[in-house]
There are 2 protein chains.
Amino acid sequence: MSRKEQIERTATALFKTKGYSATSMRDLATALGIEAASIYSHIKSKEEILQRVCFRMAQEFFEAIDAAEEAGGSATDRLKRAIAAHVQVLTHNKEASAVFLHEWRHLSEPLLGTYLALRDKYEARFREIIRAGVKNGEFAVPDEKFAALTILSGLNWTHTWYKPEGKMTPAEIAENLSEMLLNGLSTKKQALHDTYSHLNTI
Amino acid sequence: MSRKEQIERTATALFKTKGYSATSMRDLATALGIEAASIYSHIKSKEEILQRVCFRMAQEFFEAIDAAEEAGGSATDRLKRAIAAHVQVLTHNKEASAVFLHEWRHLSEPLLGTYLALRDKYEARFREIIRAGVKNGEFAVPDEKFAALTILSGLNWTHTWYKPEGKMTPAEIAENLSEMLLNGLSTKKQALHDTYSHLNTI
DNA sequence: CCTACCGATCGGTAGG
DNA sequence: CCTACCGATCGGTAGG
């Protein structure tokens with residue numbers, strides 16, 4: 001691991017626990033065992049580290065969903081695979097994911113705009129799968145955008161409690177999330193879905 | 001509105017958009033149209049503002065779930081009402097909720113510990129409802145703690161996109177969230193729930 | 001609520 | 001990678 005990568009990893013961990021603004025270059029230097037000034041031999045600025053982390057993670061999420069959608073299949077299949085892919089990226093990059101999800105607002109323009117556009121593009125991928133599923137009758141949702149955001153927020157909380165040594169593997173977490181989000185908690189379909197459960201009982 | 005309340009509200013909005021650490025007392029003073037030193041006539045420290053916001057919101061959430069559970073009913077009824085109560089608090093206190101959810105880590109001990117204990121107690125209320133529903137067959141979940149966290153994360157994302165002038169009212173948002181979380185996206189029950197959908201078709 | 005100011009710390013640079 | 005240091009800004013206080 002190069003010194004630059006080491007700086008980035010250490011900074012990512014600090015950004016996650018203390019937040020970007022509350023992490024000083026002296027904090028980072030101490031964690032690395034060097035002087036603050038020495039960090040600047042490897043990076044240009046504090047924000048450069050944040051930029052690298054945010055855009056590397058954006059790339060990881062896109063590559064993961066690309067792979068997940070490539071195999072095609074039903075909307076249900078694609079959504080399950082997209083969920084699994086997202087959870088894989090989250091759990092394999094716990095610290096960087098937290099920074100990506102919570103510290104992006106400290107990016108300055110024009111990169112802040114680029115980041116937000118990427119995030120919207122990524123959310124649109126989930127919206128598209130949901131739209132396809134609604135169209136062919138696999139899904140029933142109140143609102144496609146609303147559904148996509150609720151799903152992603154359910155996934156994104158994972159990084160706050162996931163522990164590699166915990167009892168659930170990333171694959172099991174993904175499976176449980178798919179189960180909860182696709183089928184819900186209820187043992188019986190109700191309310192809006194009464195139409196469908198009624199058909200089922202005929 | 002007293003000056004102290006005015007300071008708290010203005011600070012809350014700044015904490016939400018810039019983050020606690022990145023918001024300076026000079027930023028706050030400028031937003032209020034006074035000098036930074038003058039703020040200290042009304043409050044003791046920057047952290048005091050954060051403390052007041054976090055613990056006031058904790059109280060709001062507890063009062064809301066207390067009222068939601070008081071009416072009793074099935075686990076489904078109670079969960080729906082708890083969801084609606086949570087969303088009401090979130091939407092009526094958009095900025096303060098964001099601070100409560102994201103800036104609490106800047107609290108220092110011993111209040112940080114108190115905060116975390118309260119949050120766990122609140123999550124336990126949702127876990128309890130879920131446990132009751134699993135016990136009497138209303139719900140089927142992979143894991144109770146996991147289910148409670150997934151539900152709460154789905155709810156907590158609301159503050160990032162909710163706009164009072166938007167097309168959905170808080171009550172509609174709550175209804176849509178209940179629908180999604182209780183019944184899921186799928187028009188048919190699958191996987192783990194096959195047991196139940198099978199019984200339904202007999 | 002202001003002026004005047006404090007010591008501490010910030011991100012970052014110069015020069016080696 | 002370090003020493004030495006920069007101007008700017010931080011949260012907060014004294015005294016009115």
Side-chain angles (χ1 to χ4, degrees), chain A residues 1-55 95-96 99 102-112 115, chain B residues 1-55 95-96 99 102-112 115:
Chain A
M1 188 163 55
S2 74
R3 196 80 220 212
K4 187 163 183 174
E5 285 170 333
Q6 202 179 126
I7 290 170
E8 203 177 298
R9 284 172 88 100
T10 310
T12 301
L14 287 170
F15 290 170
K16 184 197 164 141
T17 46
K18 305 188 64 165
Y20 175 77
S21 291
T23 302
S24 74
M25 294 307 267
R26 272 121 184 130
D27 291 335
L28 177 53
T30 304
L32 288 161
I34 57 176
E35 291 300 317
S38 307
I39 298 171
Y40 292 91
S41 312
H42 303 93
I43 55 131
K44 276 189 296 229
S45 68
K46 185 184 175 185
E47 198 185 317
E48 194 207 5
I49 306 177
L50 181 63
Q51 289 165 5
R52 288 173 60 90
V53 175
C54 287
F55 288 95
E95 273 82 23
V99 172
H102 298 300
E103 305 301 326
W104 56 266
R105 62 178 158 182
H106 297 108
L107 292 169
S108 51
E109 295 289 4
L111 282 181
L112 178 60
Y115 172 89
Chain B
M1 187 163 56
S2 74
R3 196 81 219 211
K4 187 163 183 173
E5 285 170 334
Q6 204 180 125
I7 290 170
E8 202 177 299
R9 283 172 88 100
T10 310
T12 301
L14 286 170
F15 290 171
K16 184 200 165 141
T17 46
K18 304 187 64 164
Y20 175 78
S21 291
T23 302
S24 74
M25 294 307 268
R26 271 116 184 135
D27 291 335
L28 177 53
T30 304
L32 288 161
I34 58 175
E35 291 300 316
S38 307
I39 298 171
Y40 291 91
S41 312
H42 303 92
I43 56 133
K44 275 189 297 230
S45 67
K46 185 184 175 184
E47 199 186 316
E48 195 208 3
I49 307 176
L50 180 64
Q51 290 165 5
R52 288 174 61 92
V53 176
C54 287
F55 287 95
E95 273 82 22
V99 171
H102 297 302
E103 305 301 327
W104 56 267
R105 63 178 156 182
H106 297 109
L107 292 169
S108 51
E109 295 291 3
L111 283 180
L112 178 59
Y115 171 90

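Both backbone and side-chain heavy atoms feed into the values below; hydrogens, waters and symmetry mates do not. We name chains A, B, ... by the order of the sequence lines, and we start the count at 1 in each one. Just so it is clear, the model here is predicted, and its values are computed rather than measured.
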Please give me the minimum heavy-atom distance between [X] and [Y], naming the atom from each residue.
X       : Y        : result
A:Gln6  : A:Leu32  : O-CD2, 4.0 Å
A:Thr17 : B:Arg105 : O-CD, 3.7 Å
B:Thr23 : B:Lys18  : OG1-CB, 3.6 Å
A:Gly19 : A:Glu103 : CA-OE2, 3.7 Å
A:Ser38 : A:Ile34  : CB-CD1, 4.0 Å

Mind calculating the distance between [atom1] ([X]) and [atom2] ([N]) to the nearest angstrom?
X        : N      : atom1 : atom2 : result
A:His42  : D:dC1  : NE2   : C1'   : 8 Å
B:Ile43  : D:dT13 : CD1   : P     : 10 Å
B:Glu48  : D:dG12 : CD    : C1'   : 13 Å
B:Lys46  : D:dT13 : NZ    : P     : 15 Å
A:Tyr40  : C:dG15 : OH    : P     : 18 Å
B:Leu14  : D:dC10 : CG    : P     : 12 Å
A:Ile39  : C:dT13 : CD1   : P     : 13 Å
B:His106 : D:dG11 : NE2   : C1'   : 15 Å

Quiz item: Within the side chain of B:Tyr20, is there an N or O that forms a donor-acceptor pair under 3.5 Å with the backbone of B:Glu47?
Solution: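 Answer holds: yes.
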Exercise. Report the C-alpha separation of A:Val53 and A:Phe15 in whole Å, then their side-chain angles, then the decisive distance to 0.1 Å, and conclude whether the side chain to side chain contact (heavy atoms under 4.5 Å, CB included) test is met.
Key: CA-CA 10 Å; A:Val53 175; A:Phe15 290 170; 5.7 Å; no
Quiz item: Parallel, tilted or perpendicular: which describes the rings of A:Tyr115 and A:Phe55, with under 30° parallel and over 60° perpendicular?
Solution: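 Aromatic pair A:Tyr115/A:Phe55 classed perpendicular.
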Quiz item: Got a sec? Which of residues 16-29 of chain A come in under 4.0 Å of DNA chain C, heavy atoms?
Solution: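 Per residue number, the list reads A:Thr23, A:Ser24, A:Met25, A:Arg26.
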Quiz item: Any ion pair linking B:Lys4 and B:Glu48 (charged N to carboxylate O, less than 4.0 Å)?
Solution: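 A salt bridge links B:Glu48 with B:Lys4.
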Exercise. Would you indicate whether B:Arg9, at its atom CZ, is surrounded by more than 12 heavy atoms from other residues, nucleotides or ligands within a distance under 6.0 Å?
Key: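 Result for CZ/B:Arg9: open.
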Practice problem: Check step by step if side chain to side chain contact (heavy atoms under 4.5 Å, CB included) holds for B:Val99 and B:His106. | Solution: CA-CA 10 Å; B:Val99 171; B:His106 297 109; over 6 Å; no
Quiz item: In which ranges does DNA chain D form stems of 3 or more consecutive Watson-Crick or G-U pairs, distances under 3.5 Å?
Solution: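 Stems found: C:1-16 with D:1-16.
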List every contact pair, protein side and nucleotides 2-4 of chain D side both N or O, where the distance is under 3.5 Å.
{"residue": "D:dC2", "atom": "OP2", "partner": "A:Glu35", "partner atom": "N", "Å": "2.8"}
{"residue": "D:dC2", "atom": "OP2", "partner": "A:Ser38", "partner atom": "OG", "Å": "2.4"}

